[in-house]
Every structure is written in structure tokens, then in C-alpha cells.
Amino acid sequence: MIKKILRPMSCMLAMFVFTGVAIAQTGTLTGTVIDAEINEPLPGANILLEEIERGAATDLEGEYTLSNIPYGTYTAVVTFIGYSTIRFEVTIDQDVVQQDFQVEPDHLGLDEVVVIGYGTRDRRDLTGSVARVSAEDLASSPLSNLESGLAGRAAGVQVSTASGLPGGEVAVRVRGAASIGAGNQPLYVVDGVPITTRTTSSSLAGNDTQHTTSALADLNPADIESMEVLKDAAATAIYGSRAANGVVLITTKRGRAQQTEISVNHYSGVATETERLSMLDGPQYVTVTREAGVAGADAFPDPNNAPTYSWTDAVHTSGYNSQTDISLRGGDENTRFYIGGTFFSQEGYLIENKFLRASARVNLDHSVSTDFRIGANFSVSQVDNNRVGSDNLVMGLITSSALNAPIRPIYLDDGSFNTAHIFTDADGNVMPGTIQGNIAFNTVQEATDNRRNLESLRLIGSSFFEWDIASDLELRGSFSVDNLSSNEFYRYLSQTGSGAPDGSGQRRNEGTMNWIGEAYLTYITDLSDRQSLNAVAGLSYQSYRTEGIYVAGTNFPSDLFPNVASAAEMSSFTAYTNEQWGLESYFARLTYSYDNRYILEGSARLDGSSRFGADNQYGFFPAGSFAWRLTNESFMQDQTFFDDLRVRASLGLLGNDNIGDFASRGLWAGNANYAGQPGLQPSQLESPELKWEQTSQLDVGLDFAILNERLAFSADYYYKYTTDMLLNVPLPYTSGFSSVQDNIGEMKNYGFEFTLDTQNIRGEFQWTTNFNITFNRNEVVRLVGDEPILGIQNQRAEEGHPLGVFYLQEWAGVDADTGLPQWYVVDEETGDRTTTSNYGEATRQHVGSAQPDFFGGFTNNFSYAGFDLSIFFQYVYGNKIYWQDGTFLLNPHSSFNKSTDILERWQSPGDQTDVPRFRDENGNPVAATQASTRFLQDGSYLRLKDVTLNYNLPGDFVENIGLRNASVYLKGVNLLTFTSYDGLDPELAGHGDTTLGQGVSFFTPPQGRTIMAGVRFSL
Amino acid sequence: MKKKSLIVILALTFGLFSCDVLDVEPEQSISSEVVFESVENARGAVTGMYQAVRFSSGYGGFSMMASEFVTDNTDFQGSFTTWQEVAQYAIPTNNGTISGQWEDLYDGINRANNVLANVADVPDIPQELVDQWSGEAYFVRAILHFQLVRYFAQPYGFTADNSHPGVPYMTEPGEGAGDHNLVTRNTVAEVYENIISDLQQAESLVPESLDSDAATRGRGSLNAVRGFLAKVHLHMSDWENVANYTNQVINSGNYSLGSVTGIFGTGNSSEDVFAVQMTADTNPGVNAAMASLHTPAPIGRGDINPTEDLLNAFEEGDLRREQLIYEDGGQLWTAKYSSSNNDDNVRVIRYADILLSRAEALQEMAGSAVDAEALELVNQVRNRAGLSDLEAGTDFTTGEDLLEWILHERRIELAFEGHRKWDLLRRGEDLVNLRSTSNVPVSYGSDNAIFPIPQREIDVNENLEQNPGY
């Protein structure tokens, strides 16, 4: 019904788009913009006449000129990054009007303009909770995934990457996880286009590289102006059914009316792994395997003569990063452009691992007339990712290099790869055959000979118009496409373990076509001297579709034939559609401001989705909020302590539409064939009431600035309660079905976020600090019939516990007298704890989750005489990581190689150690690597994430060589990590974005430690 | 002017995208609403019912073997734990194979119920198709319930009025969550009444011949329905009806005995009244197909062998012993299923079964007197196997003696074909599992002679009563 009324309305709205043209007398506005603190002209500042959206930028002398301005009175807005925005009324009533502006540096960002859904706001006028990460924070960081740049920089945003290999999927959680089955990733919106975040790599059959990749790897950090994270209902409700996990708005750079500025930035650097496993050498390996009684160990060469072949050394190499980006920015009053091109290359610290990204962007704005503007944004990027195996794979480079026996040569004497499991015995005889239970494949060969290639091509294009229907009413319309195609190609050669005996190959091509058309009206007016109104109303249509084909073949005539077409046997050939949905939306926001003291805002979105059941096709997501700027109250005028003080509150409803495309439909599948006839079978029950998962969120915030704006503080309390979580409700099989999906589950998140920005020292030597910390608590409230939902490695969702709580036997250490392992037994009734050396008797308990007690980051910036030093730390505290590698690395009873930690085994009574003896008095093997808290570790860490030292070359010198500005810089990434975690990298713990797989590591490749140097200049 | 035209273009653009983005139809599957909106899709839904019949759980694999290897006929020596539990009569209530069997059979029943509920409303469907497809759906619904009641309930006749628990008899398509799902077990009497009623409905609706020989023998054609009516009545010891329905099948003149080996393997034979049609692409696969389990490696898994007891039961010169049992790797195997593609059709009802059922019914009704037709029928089957006629006076004297011969002939003729457990139980006899590793007698009516209701099903449906002993 609603649909029937709204659709014609939308068409009508579009038809209203026409107008007449006014002709008037014009004049020129000119002047200089000056930095008030040092009294110097400011090149590159922007002047905008708000009413007519005409703007210009200052030249090298800080001068600007705006000509052909119709006579009248305008609000001139002067903006420059890092300076307070000023507004000034100017009247054009003669041919030339001279107006100079003085702007103050805004060290704490109090005056910055933040991007919000369908608009922008001065930070001081916000009623919602929005975190901003600006271009400077991301500039020149070697990011293969843009979203990694949010880590530690935005309160309330927790980021963990699936793997340290380039392009890996990143799990971003805004104020905790709010879903079990519908995903927890925020909505990403680039310049108003909600983009595809589908991974570009699905698991290819068989030997995959294990980790999916991030779709945001296609975006170029060099083009980004800012990323805003919308967190509370006031900020996100305008994104309705996709807002429950927060929204990340990504804004790219635009042109300015100025003489064309060409900027060039280049950096190069080296990368090494942040951590490498310490494995046994040949003699130690033989000693340990013999002591443990591993089958066949007696035949190994004598420990004293055992050779060592370091497989871990063989797979590691020195990585190399470099990026060159060139941008042109300029234009005149009528046409402005930003053109950027970037080439980014990352060669990993693991052999054969390479990531290349080439990207280009054109952002164009053109004023057709004084009241009509058009523009286009277009970006194209190509990523070529040479992937290597990781994690739980026999050809995972770190996994199998660690586990391969060190007495097994990597190469044969003739230099070819050793594919048989050969070791040389004590007498120098070459022993053929297998070391039972060991890694069958030659890891180094797997990486060197085989290809695992992922290419993606992404086009995001958008064209738009803005029409000032009246002086205070603007219509903006846009049509955008986001086209992402990926081509994944694996080819395993015949002589490699994974390709034997005749070679195999796979190729998958997948494409997503995502288009969106939007139109909205913005009405900004002053109702009186004291009251102003800002209203937005619009509509949006989006359609999304992913389809692909997959082929796999085996038995190639020779290794020279790369393509699957040459395979003698096609083992798979399939074509599929895997995502299709449409979204029809209507949204509005009304902001009322009274005397700059009270700001009231209401926003809402009505989302109709093809994913929702017929009985619930439209969801309504309203939010209300207010802010009270106490410092503008008359009773606060006499105090001088607070420069700014405001309180905020918001409440609203948000949705998560990621419930599957056809979860509500009754479906019949094909392939129910009989006697050669095609048949159909019911595959899913209809669930017409099925709808989005719904989160209601309350946010209460406090912001203040004191000490003459040298200290700014912001605090938020939030409470998110999610209902209608989609869960499978089991049905009796007598119904013909095993389950039906229903909106049943409930979960809550609540917590505090604090940010503190201080300017510790002002003047020639400057020191500023930014600090943020977030405390989030999560609890699963309701599931189906108390049944826990099981995840990876003993994680589960269980009522009354945090999502992903580990349910494990508790390790009680090694008995110093006997050397046997011990676990706790907890008496169910009394709660008494005793220990046992019989694993089967140990009690499973809830022993913590991957969710931290708190996390955040802090940055210190120092500047003096052209030098800027920025030091950024990020930290996480109180989370648990299941160190699954440990169950292999500390297991003496296999022929796998082991960690050197195993040498600390118990040997005689009284030994205090955490590693049990290998065999008991009777010579029987002692097992101690069963799942228990022995491998559940504290994942807390403090990491020196980024140190950048930048030197701005002196202005005179720069001018003499014909440049606008120039700087050189040195940067270090991941230089230091403080942690008690035994695994490789505490920052990387998760099976991609798997909801019940966070906090599990299995030989997950750590991040690189990068040291690089760069130069940046513009002319 | 320039601007206006630009705006018109933009407006048109917006006009275009206000088309219905919400109208998205699935492409990997189709919506249930459209299935019965065309004859073509309805035909697919009818064919789809038979997929459940050919499932391992239906009449295609496990369900046909599990009624042999728990008896004196065959021995399961494979590695599947859940099958071992069945073979050893020690079944935990969470046995996955049995849970899957219950699930698959009701899945098929739901398919049949969907056809029955919707087929008459398919636009432009000819009445003959409505009749035929409804009849086939009644047939499928009946035979799948028949499999359920045999496996999950004590046999017909276990209580005098058959008031002991059977299985829920489902007659409506499945709907979403709700109390309507909390069904109870019908009594065995009710289940058999429903099965017979469904089969009689089918009998009145389906034609004698379908559009191909494979369809006539592989789907619910008239004689397949009558064959099942005979079989169900055989389980009820309703001899008159057995004699009646077998007579109708025999008098159709469509069936004849073939050669000892020619009637097995891929394709259909003159003897097939109802045979589950398998193809290389559509069969229960290496882990459940008849050939895979009954054939030694490398062609099959080699999990099921004949017992000594069965081998000893063959008479001297029996061609079925000579031609259908072979030795490989020191063990004996049946040659009834041998395709490396696992596409041997599974004979559920064949002509010899019809002849022997009729012989048994006639002789039962004759009591101590020897029934001449019964003797003639059993001799037909014996002669085909190279054995001579049974001679009155030498081989038997009374009607009871002849009945023994008929039942013996039945065991030999139909071994490996999924009949033995039912032939023992319907006659009130004990099961004796002569496994190579154990020798477990299970007396008639004991708790472990039947399967447990899957625990998962009890958990989800509180109204469902578990079988005693589980």
C-alpha cells in the first residue's frame, strides 16, 4: 500500500525539476586570507559564498578573487584544513569589494566540518555520535585495505584483520557485534554511494588460500579526504535497514577553484614480519621426537649429526612497499576538478606474495549557471593479488614451513625441489618414504610453482546535479554505479603436491552490478534571528546483483598449459547468481536549532526491501536527538572555564537487512531428478513475516573544551539492544523441513567511549595528543530454546554470555611432582575445584571471549621548525585468543616440527614448567594438547602502530626551485608490540569476518613491520 | 533552453529508476507460488517426488539393505558406525543415518502432499494429468509411509487390534513454525488403513501404462500400485486381498520371468513391476548405493556379503547360487548389483515376488490341503532357477509342508533385495543376525527389533512418543 502511494510521488518529484534563469548586476569579491596566529598569508584556503555555492581558493600569496557575483548579501565561509571555519557576511554592491579574512588554527578539530548522511555539519552542531578520521591520518600509510586505517583512531570502532597478508578481510565492529547470522560489518558509503563489500574471493574448491579478501582493497587511500564513522541512531537512522552495524562514510577529494596544483607523493620501504616462530633445529628435533617415541624416529640420523634445513627461513623474504600517487587539483569558478592516479605495490615478507593496485579517479564539479551545478565522480581501480596459502592448509606457507621436519631437505642435490619425504640417516644413506604424519607438500615449491591469483576491477561512477530551486532550497539528484568484477585463477602444476599427478586448475569470474539512484531536497533557512531549520527529504532506489561462473579441471597435457580449457577432465563447471536484491527507500531529517543553544533533530527512513517477507516489506527506522550547548546559555556567559560545553542524547531504531536475499520466500530447487527427468523439490518454507534484525540504540554524550580550547573531551554512553535476530528454528521433520528462519534472537551491547584531544604545548614548538578508549560489553540474551550456537574452536553463542564465549576445559598446569598435565574439575553443586590428569574428567567452562574489556589508541604530534613527528599507538585489553597453532607446536607426539618452547618439558620431580613430560613412567605417551585454556591466551597488546617524521622544506628554498611546497618523511609501521601472547600477532585473530570465529588464530601470518621513506611535493 | 533539456533528461532518468526494484525473483530456485502455475513446473514437482523414492532412505539404498543385513541373509562388515549400530541392534537415538532416513521419508511425503494440494489448480492442466499425478502422489505418499511404519513401529499384528504406535501419517503440505507441527503417532492400524486408502485412490486414478517403459516400471503405474497393495496386505496377512491383487498383476499379462541373471543390473526387465530407476548421475552414490555396498573394491566398498547360513540354504544345482554368487578376494558376493556407476535399478516388486506372494496367500487359505495353483506358482520360480518341480509325496505331503517350501523359495529368490526382515516379522518369527563377529538373536517384538524415533525429532516435538527401550 505504502509502495503504491510513494512510487507515483517519486516520479512526480522528479518531474518538478525545471526552472527559469534570473539575470542580475554583478561584482567581484577579492582579498587575502591570513593565519591569525603567525600573521602570514595562507595559500590554499577556500572561500565559499554559501547562498550561491560559488567558491575560490587562495593563491600562493593568500589572495583570492571571485568575480561575476550578483549584487546581494552573502555568507562567506572560509575553510582550510586545520583552521577554524569562519563565516562572514559580505555585501556585493559595487564592482569590486575588498574583504580580508583572518583565520585561527584549529588544533583540536572543534570547528571541523563532518560529513553525515545526506549532508554535512559543523562538529559543534552535531546531535549524534560521529568519529572522523581525516586524510592526514591515512596519508602515506601502506594500507592494502582502507578500513584498517580506522584501527585505534576512532572511539567505538574495533578493527581486526584476518591476516597480515595484503588484501585480507577486515572485521570492523562499531560498538560491538549486534548479530549472529546477519553479519556485523558496517555499511560503507563512498561519496554517497553505498558500495559493494562482498569479498572478491570466495573459497575456491580444494586448496584455497583460506582467507577471503576485503572488497575495500579496491579503494585508494590517497584519494580519501576523510572517513566518518556514524555510530549512534541519530547519525545512522537515515540509513535505515542497513544502519544497525554503523555506517562508514568515505569522502574523496574534490577540486578547488585555484591554479592547478600538481601533487606528487612517493614512498618506498621494506617490510619484515613482526614475529617469526622459533622452531627446533635438526638435532633438537631428533632428540624430542625420540624422547616422545614418535614412530620412525629411531631411524632418524643421530642428534649430533642431524642436519638442519630451515623451512621457515626459506619462506620468509624481505618485503617491499612502494606507492606513487600524483594528483591534479584545480579549476575556476565554474569548473573544478580533482584527478588522481596511484600505483601501490606491496611485496610481502612471504615468498611470492604480491599485491598491486593501480587506480585513477576523476571528480568533477561544474556550475552550469548560478543556480545549477552538475558533477561526476569516477574511479577505476585494478588489483592484482598474488596470494599464498595461509592458515589451515597443507601449503600454507607459515603453517607448513613451521611443521615440516627440519631434517628434510628443501632441495635435492641437483637444485630441484625435494617432493619425496627424504631424510639422510646416520650413515649418510638417503631414506625414501614418508615421515608419517608430516606435511606432504614441499611448501616452498607450492608457493614458487603454483599460481593463486586474484584480480579485481572496480568502477565506481556517479553523476549528479544540484539545483537551487530557491535561495534556501536545493535539489540534488544522482545516479551511480558500482561495478566490481573479480577473476580468481589457481593453477597447480603436476609436480607439486597439490597439483599431482597431472595438474589442476580453477577459474572463477564473478561480477557485481550495483546501481543506485537518489534524489533529495535540502531546505536550510532561518526562521527568525534565533531559529534556524535544516530539512532533508529524499528517496533512493538501489539494485544489486552478483553472478559468476566457475570452472575447474584436472589432467593437463603439460604444465605449459595455463588455462583450464586445456584440462582433459572438467571437474566442475557451474554458473550461478548469488546475490540479488533491491531496496526502495524514502528518508527525511529535520533539524531545528534555537539560538545556537538547543538543537532538536528527527530523522527517519522507510526501507522497502526485496529481502523482507511480503507481510513486512517495509521497515520504518526513526530516530530523535537533541543537543544543548550550555556555553551559549546566558547563565554561562560569566564563566570562563568552559570554552564549549554541550550534552547530546539520541534514541532510535536501526535495521540489519543482511538476512539473505530470499530467506522469506517459499522456494523450490531443481536437481530433484528421477529416471533422467528433471524434478523439483521444496527447499525452503515460506516465512512471509520475516524481516530485518532490529537494533534500538540510546546514546548520551557530553562534549566540552576548556583551557582556551587546549583540551577537548568527549564522552558517550550507549546502549544497543538487538531484537528479531534471524535464527533457524528447528521444525519436526514430519513437516518435510528441518528448520525455518525466524526473527527470534536478542542481544545487547552497551558501553562507554571517551576521546580526549589536548594541545599540550603551543607556539613554535607544538605538542598535541589525541587519545581514545572504548569499553564495550556484549551479551547474548535470547536464542532458540536455550540451545547454544556453536562456532569455531569451542566458541559459541549462548544465552547470558558474550557472543563467541569460549567453552573449554581449564588448564591447571603441570604437576611438578609427576610431570603430568592437569586440568580442573569443577563440582557442579559445590563449585569446588580439584585437578585431574585425565582430560576426560575435566569440566568445560565459560572462560572468556574474544571481546576486549577496552581498546583504543593514542597519538602524539610534535612539530618544530618544519619538523613534524607523529607517534601513534593502538591497544586492546582483556580479550582472549585461542592459539590453535600451539596445539601443534607443543605436541611432542607427531613428526611435525615443534616450537623451541617444548624444550622446557618436565624432566625430573620438582621441575616448574608448563610443558608436561612426553611419556609417563610406563613409557606411554602423555597427551596434553587437547582443547583447553592452555591454548587460550590473553590477547591484550599495546602496539606502536605508526611513527612518522616529516620535514617540510623551507618555503624560500621550495619557491626557488619552483614548487609550492615539499617535504620528506620517514615512517615506521608496527615497530614495537607489547604483549604476552605466544602466537604470531595478537592484532590478527579471526576467521575473516566470521561472527563466531573471532579470536582464533592458526599460524595466521602476522602483519609486516615496515620502515619507509618518502617525498611529497606540489607545484 | 539548454538547461531545461538537461533537466528533462535527468527527470527521465529518475522516472526510469522508479521502476520496481523490489520485484526480485530468485534465480537459483523458484518461488513456491509459481511451481503449480504451469504444467511444466508441476511435472517437475511430480518427478521430484520420486527422487525421495530413490533416496538411500527411500527405496534406493540403506532402506533396502538394512532389512537384509540384520537377518540371516547378509552380513554388514563396513566401516560406517551408524550402519554397524543398526547391524548390531545397538542403536543410539542420535544415529545419524536413521535420523536422516526419517527426515528423507517425510521430505518425500511432503513433496507428495504438495502435489496433491495443488495439482488440480494448475492452470490449463488436462484432467488426465490431474488424475495421473494425483494418483502417483497417493502412491508415493503411501509407499513412503509404508517404509516408515515398517522401520519405526512394531509389525502389524503385534497387538490384536494394532493399536500400538505407528508413525504420524502426514496428509498436508508442511507449513511454518507452530503447534500444527506437534503431531502424534497414529496407531499401526490407522497407518495401514491410510496406506491402503491412498493406494486404492491411486489404483482408481493411474493408467496401466505411462509414457515410457521406464516410467511404467519406475513410477506409480496401475500394476505398481496393485503390487504394493498386494505387498501391504501380505504384511497384514490378509491373504484374500494378496491373492486378489497378485492375480490382477499376473492377469495383466505384462510380466514374465526372465533369465536368472538377465533380470538384474541396469535397465528394466520383463519382471519389473516396480523398480527404482537409477542413472549414473542420479543414484545414492558410493556411500549408499546397492552396487557399491555389495561389490568388492575397487568397484565398490565391499561392505555386505551373504552369510554361510544363506549359502547353505541353496539346493544343489540352483543357478542362482552358481550365477548370482561369485567369489572375489576370498569372499563371496552377490551379483545382483554390480554396476561401477551405481546405476543398477533397485527392484522393489518384481514378478517372482508377485508369484510367490500369491502362492503363499493361496496356500495359507488352503490350510492343510495342498493348493494346486500355489504349487504351480512356486514351481515356475524353481524351474527358472534350474530346479525341478516339487513332487507331492517326496518333497512334501501336507499344505503346511508346501508353505514351508514357498517361504524357503522366497528367501532364496529374493535374497539381497530388502525383503527378509519383513518376511520374518510379518510371520511372527525372530530375527537372527548371523554376523561374522557376533550372533545376536532378536526375538519377535523385542524393543530393538525396530528403530528408535530420532532423538532430535523427540526434542522438537514433545508430542512424539519414543519407542520402548530407547
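In the text below, chain A, chain B and the rest are named by the order of the sequence lines, each starting its count at 1.
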| task | Mark yes or no: Arg54(B) above the aromatic ring of Tyr674(A), with NZ or CZ under 6.0 Å from the six-membered ring centre and no more than 45 degrees from the axis. | result | no
With a 4.5 Å limit on heavy-atom distance, are the side chains of [X] and [Y] in contact?
| X | Y | answer |
| --- | --- | --- |
| Glu25(B) | Arg665(A) | yes |
| Ser31(B) | Trp668(A) | no |
| Trp581(A) | Val21(B) | no |
| Leu22(B) | Tyr541(A) | no |
| Asn110(B) | Pro682(A) | yes |

With chain B as the partner, which of [options] has the greatest number of non-hydrogen pairs under 4.5 Å?
| options | answer |
| --- | --- |
| Asn673(A), Val740(A), Thr734(A), Asp742(A) | Thr734(A) |
| Ser543(A), Ser738(A), Pro688(A) | Ser738(A) |
| Gln542(A), Arg545(A), Glu686(A), Glu547(A) | Arg545(A) |
| Asn578(A), Leu583(A), Asn671(A) | Leu583(A) |

Side chain from CB out, backbone as N, CA, C, O: work out which of these in [X] comes under 4.5 Å of a heavy atom of chain B, or both, or neither.
| X | answer |
| --- | --- |
| Pro730(A) | both |
| Leu667(A) | both |
| Ser463(A) | neither |
| Thr577(A) | both |
| Gln684(A) | neither |
| Arg611(A) | neither |
| Asp661(A) | neither |

Considering only heavy atoms, which portion of [X] lies under 4.5 Å from any heavy atom of chain A: side chain, backbone, both, or neither?
| X | answer |
| --- | --- |
| Ala214(B) | neither |
| Ser212(B) | neither |
| Val53(B) | neither |
| Ala275(B) | backbone |

| field | Minimum-distance pair of heavy atoms, taken over all atoms of Gln580(A) and Pro26(B) | value |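 So the minimum-distance heavy-atom pair works out to OE1-CA, 3.8 Å.
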| Given the options Asn41(B), Asn461(B), Val46(B), which has more heavy-atom pairs under 4.5 Å with chain A than any of the others? |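 With the most close heavy-atom pairs to chain A, the winner is Asn41(B).
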| chain A: which of Pro173(B), Gly218(B), Ala42(B), Gly108(B) shares the most heavy-atom pairs with it under 4.5 Å? |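 Highest number of pairs under 4.5 Å: Gly218(B).
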Could you measure the distance from the [atom1] atom of [X] to the [atom2] atom of [Y]? Nearest 0.5 Å is fine.
| X | Y | atom1 | atom2 | value |
| --- | --- | --- | --- | --- |
| Leu680(A) | Ser32(B) | CG | OG | 11.5 Å |
| Gln677(A) | Arg219(B) | CD | CZ | 7.0 Å |
| Ser735(A) | Ile109(B) | OG | CD1 | 11.5 Å |

| task | Answer yes or no: is there a donor N or O on one side and an acceptor on the other, between the side chain of Glu457(B) and the main chain of Tyr733(A), under 3.5 Å? | result | yes
| task | Could you tell me whether a side-chain N or O of Gln277(B) sits under 3.5 Å from a main-chain N or O of Gly676(A), the two making a donor and an acceptor? | result |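 Checking the backbone N and O of Gly676(A) against the side chain of Gln277(B), no donor-acceptor pair under 3.5 Å is found.
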| query | Within residues 174-187 of chain B, which positions have a heavy-atom distance to chain A below 4.5 Å? | reply |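 Heavy-atom contacts from residues 174-187 of chain B to chain A are Gly174(B), Glu175(B), Gly176(B), Ala177(B), Asn181(B), Val183(B).
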| query | Got a sec: does the CD of Glu689(A) have more than 12 other heavy atoms crowding it under 6.0 Å? | reply | no
